[in-house]
Amino acid sequence: QVQLVQSGGGLVQAGGSLRLSCTASGLTFSNNAVAWFRQSPGQKRERIAAINRTGETIFYTYSVKGRFTISRDNAQNTVYLQMNNLKPEDTAVYYCGTARFAGSNPDEYDYWGQGTQVTVSS
């Protein structure tokens, strides 16, 4: 059984930092690209960061570039999202997902984490 278990998140003041983790089991993690998405109420799930199988290719959406860092540790079957200088507009539920190629379409993803609430107060 494949599982992606997320940890981290919570409530932080603007300018603060949080780190999200996504740990996989039941699959060959190093064969999968991974992306972080976020979704606000009434909005579509948006890809914000992605990393390929080896960690050599990384994507960030414009709004988080320079503030968020995605990384992976294949030995630990874990992908991280370090979020610095958080803003109120970063408030959302964050999800990790695995796919062969970490594109922008959520329908292309095979497995998802359970979601983690991130709330940034002003």
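None of these values were measured; they are calculated from a predicted model.
- For the atom pair CZ (Arg72) and CD1 (Ile51), the distance works out to 6.0 Å, reported to the nearest 0.5 Å.
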**Study point:** Worked check of side chain to side chain contact (heavy atoms under 4.5 Å, CB included) between Arg45 and Trp112
**Key:** CA-CA 12 Å; Arg45 194 169 292 194; Trp112 292 96; 3.5 Å; yes
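- With rounding to the nearest 0.5 Å, the separation of CG in Leu4 from CG in Leu27 is 6.5 Å.
- Under the 3.5 Å distance criterion, the side-chain polar atoms of Tyr109 are left unmatched by any main-chain donor or acceptor of Val34.
- Once rounded to the nearest 0.5 Å, the distance linking OH of Tyr95 with CD1 of Ile48 reads 12.5 Å.
- Closest non-hydrogen pair, Ser122 versus Ala14, comes out as CA-CB, 4.4 Å.
- A donor-acceptor pair under 3.5 Å is formed between the side chain of Asn74 and the backbone N or O of Arg53.
- The backbone N or O of Gln76 lies less than 3.5 Å from a partner atom in the side chain of Thr78, making a donor-acceptor pair.
- Annotation: the span from Leu81 atom CG to Ser71 atom OG amounts to 8.5 Å, rounded to 0.5 Å.
- Residue Leu18 is not grouped with residue Tyr80 when hydrophobic side chains (ILVMFWY) are merged at heavy-atom distances under 4.5 angstrom, including chains of intermediate members.
- No single ILVMFWY cluster, assembled from side-chain heavy atoms under 4.5 Å apart, contains both Val79 and Phe101.
- Ion pairing between a basic and an acidic side chain is recognised when a charged N comes within 4.0 Å of a carboxylate O; Arg38 and Asp90 show such pairing.
- Minimum heavy-atom separation, Thr28 to Asn32: O-ND2, 2.9 Å.
- Here Tyr94 contributes atom OH and Thr116 contributes atom OG1; the two are 10.5 Å apart, rounded to the nearest 0.5 Å.
- Side-chain atoms of Gln13 do not come within 3.5 Å of backbone N or O of Val120 as any donor-acceptor pair.
- Side-chain contact check for Arg100 versus Glu108: every heavy-atom pair is 4.5 Å or farther apart.
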- Task: Begin with the C-alpha distance, continue with both residues' side-chain angles, and end with the deciding distance and a verdict on side chain to side chain contact (heavy atoms under 4.5 Å, CB included) for Gln3 and Gln114.
- Result: CA-CA 9 Å; Gln3 279 192 312; Gln114 78 275 19; over 6 Å; no
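- A distance-only check finds no donor-acceptor pair linking the side chain of Gln82 to the backbone of Ser17 [under 3.5 Å].
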As a quick check of understanding, evaluate side chain to side chain donor-acceptor pair (under 3.5 Å) for Glu89 and Thr91, giving each step before the final call. CA-CA 5 Å; Glu89 51 263 43; Thr91 296; over 6 Å; no
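- Annotation: Phe59, atom CZ; neighbour count of heavy atoms from other residues, nucleotides and ligands within 6.0 Å is above 12.
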Using the side chain to side chain contact (heavy atoms under 4.5 Å, CB included) rule, take Leu20 and Met83 through it: C-alpha gap first, then chi angles, then the decisive distance, then the call.
-> CA-CA 8 Å; Leu20 306 181; Met83 304 184 292; 3.7 Å; yes
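- The backbone N or O of Cys96 lies less than 3.5 Å from a partner atom in the side chain of Gln6, making a donor-acceptor pair.
- The cluster map of Ile, Leu, Val, Met, Phe, Trp and Tyr, joined by side-chain heavy atoms under 4.5 Å apart, puts Trp36 and Ile58 in the same cluster.
- Judged purely by atom type and a 3.5 angstrom limit, Glu46 has no side-chain atom pairing as donor or acceptor with the backbone of Phe37.
- Looking at Tyr60, its side chain does come within 3.5 Å of a backbone N or O of Ile70 through a donor-acceptor pair.
- To the nearest 0.5 angstrom, Thr61 atom OG1 is 8.0 Å from Arg47 atom CZ.
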